[in-house]
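One structure is given here, and the rest of the page talks about it.
So that the names make sense, note that chain A is the first sequence line, chain B the second, and so on, each numbered from 1.
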Protein chains: 2
Amino acid sequence: MCICPKIYNFAPSKDNKMNLFKEKEKLNDFFSNQNQNATRIGLVPTMGALHEGHISLIHRAVSENDMVVVSIFVNPTQFNNKEDLDKYPRTLQEDIDKIKAFNEHVIIYAPATEDVYATAVQAANFDFDGLEFQMEGKHRPGHFDGVGTIVKKLFEIVKPTNAYFGEKDFQQLQIIKKMVAKEQMPVNIVGCPILREANGLAMSSRNERLQPETRKNASFIFETLLLAKDMFGTKNVRDVEHWVTEAFEKNENFELEYIEICDEETLKPVTENLNTKNYRAFIAVYADEVRLIDNIALN
Amino acid sequence: MCICPKIYNFAPSKDNKMNLFKEKEKLNDFFSNQNQNATRIGLVPTMGALHEGHISLIHRAVSENDMVVVSIFVNPTQFNNKEDLDKYPRTLQEDIDKIKAFNEHVIIYAPATEDVYATAVQAANFDFDGLEFQMEGKHRPGHFDGVGTIVKKLFEIVKPTNAYFGEKDFQQLQIIKKMVAKEQMPVNIVGCPILREANGLAMSSRNERLQPETRKNASFIFETLLLAKDMFGTKNVRDVEHWVTEAFEKNENFELEYIEICDEETLKPVTENLNTKNYRAFIAVYADEVRLIDNIALN
């Protein structure tokens with residue numbers, strides 16, 4: 001294909017055409033006024049503080065849809081800890097500026113809490129066939145009910161063809177796939193690979209809360225996962241987890257919450273390495289009182 | 001700032017307004033027709049086969065300029081090996097589609113060789129104060145003359161305010177800063193951090209040429225750099241390099257070309273760790289006959 005050069009004046013970025021919706025009614029009005037070409041809608045649900053990981057989800061969504069909605073909403077019902085909710089980075093203006101770099105088919109839905117939670121700010125109860133009792137579910141009571149609640153609401157509001165989630169929150173991804181399957185929701189869930197900073201730290205909005213020195217040293221988390229991956233082939237699973245635990249005990253900068261080697265499908269801890277299944281190591285670590293999670297495919 | 005929702009029809013992505021220029025004259029015509037707001041021009045020089053690393057450079061450029069030119073040109077004069085040049089991935093249509101995800105202030109300059117090299121396809125000779133004799137310079141004779149030649153030509157054609165380069169090619173970044181300083185070119189060089197895939201492999205167009213299994217196992221390269229970083233504080237520099245060499249001798253999937261621990265400024269190998277300077281470990285590795293490079297800050 002050849003695109004012939006077009007000559008036209010342009011305004012500086014701040015004047016870009018860009019759609020920001022704070023109310024679901026206005027978002028729906030917008031969609032009802034679209035022409036027939038808007039057949040595929042991609043949703044990238046975020047809590048803002050956008051980083052390259054989010055950006056890569058948005059690019060994937062743009063390449064597979066006619067229109068992309070980036071939702072920016074720090075969902076209170078998925079925080080089991082008020083301090084974590086209060087301290088979660090909020091950078092709406094910077095987020096808007098980043099989305100402006102995209103074409104006009106990428107729009108933002110950044111609602112107030114009332115727009116999403118019409119009545120009580122409360123999570124529904126979900127049954128994710130036990131996925132919700134593993135790892136993050138154990139350590140963050142109610143977290144996945146909150147996640148299920150907001151994602152379901154966003155699906156009802158945006159009615160996406162495809163929805164994009166990063167594998168950094170791998171358990172969340174599996175739980176949303178489960179919800180969609182059990183409730184037969186008409187949306188395709190797309191999992192996208194983790195992106196990492198130069199030192200190997202998994203991209204996360206929470207990284208902004210780390211002290212520069214801690215952020216630099218946080219390469220230790222992924223380094224330990226890589227060494228665990230090496231051991232996985234040869235050592236007993238429990239021994240690998242034990243080795244990781246000891247490695248963190250020797251490092252005063254980071255406090256290990258859990259290391260678990262699980263079956264990717266069931267998220268249940270495995271005791272032995274059957275090569276018929278896919279395994280992943282999952283880790284949660286505190287650094288500067290910031291909680292970081294990461295994971296790595298083992299085979 | 002509040003952006004009120006605007007209702008307008010949109011066409012699917014394939015019909016986006018997007019400017020692709022194959023001739024420098026047309027690019028210049030375009031700029032000469034721009035209004036006064038186009039004061040800051042950002043240049044992201046690439047050889048195409050765009051990946052998230054490139055995308056992050058483009059986002060940085062969009063955030064700091066009124067207009068961004070992404071150049072896509074596989075520069076023959078920087079390849080010291082014809083087979084490497086022939087096998088370098090070329091995916092112009094996919095690259096164009098990725099750039100279409102950006103707003104209309106991001107344009108592509110994708111010239112034919114003749115448009116850049118008016119007469120002979122030949123590299124000029126540069127003096128980079130010795131930076132060109134280290135590492136990549138030793139192993140890729142003439143490479144940095146070719147890099148200097150094309151980057152200088154692109155600066156003359158695009159006249160950028162800012163130009164963006166990834167730290168994955170850290171020696172290239174330092175060499176371009178040197179060229180700009182020595183020749184007093186009116187452009188600001190912006191170095192941007194490496195982005196990594198989920199397994200730690202540095203983003204590179206060449207990764208596309210790896211077999212899936214090799215790409216998975218390529219986490220070994222960064223893993224080794226992380227361990228070298230750990231040792232750097234405590235062990236003798238030569239011992240660290242020796243350890244890396246032995247680690248690669250034990251791994252049949254990868255062939256080490258070099259590991260060097262250098263001063264970030266001079267790129268000269270260091271013999272001892274003086275904490276007054278910044279050090280980096282640089283590595284070049286062959287995998288599936290694909291040459292991969294990476295580096296890591298050590299302090």
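To the nearest 0.5 Å, the span separating CE on A:Met203 from CG on B:Leu195 amounts to 4.0 Å. Once rounded to the nearest 0.5 Å, the distance linking NE2 of A:His51 with OG of B:Ser56 reads 13.5 Å.
Only the side chain of A:Ile55 comes within less than 4.5 Å of a heavy atom in chain B; its backbone stays farther off. For A:Asp294, no part sits under 4.5 Å from any heavy atom of chain B, backbone or side chain.
Near-neighbour residues of residues 213-227 of chain A relative to chain B, defined by a heavy atom under 4.5 Å from a heavy atom of that chain, comprise A:Lys216, A:Ser219, A:Phe222, A:Glu223, A:Leu226, A:Leu227.
The 12-atom threshold is exceeded at NZ of B:Lys24, counting heavy atoms of other residues, nucleotides or ligands nearer than 6.0 Å. Heavy atoms of other residues, nucleotides or ligands lying less than 6.0 angstrom from CD of B:Glu252 number 12 at most.
Between the side chain of B:Asn103 and the backbone N or O of A:Lys100 there is at least one donor-acceptor pair closer than 3.5 Å.
When each of A:Ile58, A:Asn199, A:Ile296 is scored by its heavy-atom pairs under 4.5 Å with chain B, the top score falls to A:Asn199. Note on B:Leu92, B:Val106, B:Asn295, B:Asp230: by heavy-atom pairs under 4.5 Å with chain A, the leading option is B:Asp230.
Of all heavy-atom pairs spanning B:Arg196 and A:Ala198, the tightest one is NE-O, 2.7 Å. The two residues A:His59 and B:Ala101 come nearest to each other via the heavy atoms ND1-CB, 3.8 Å.
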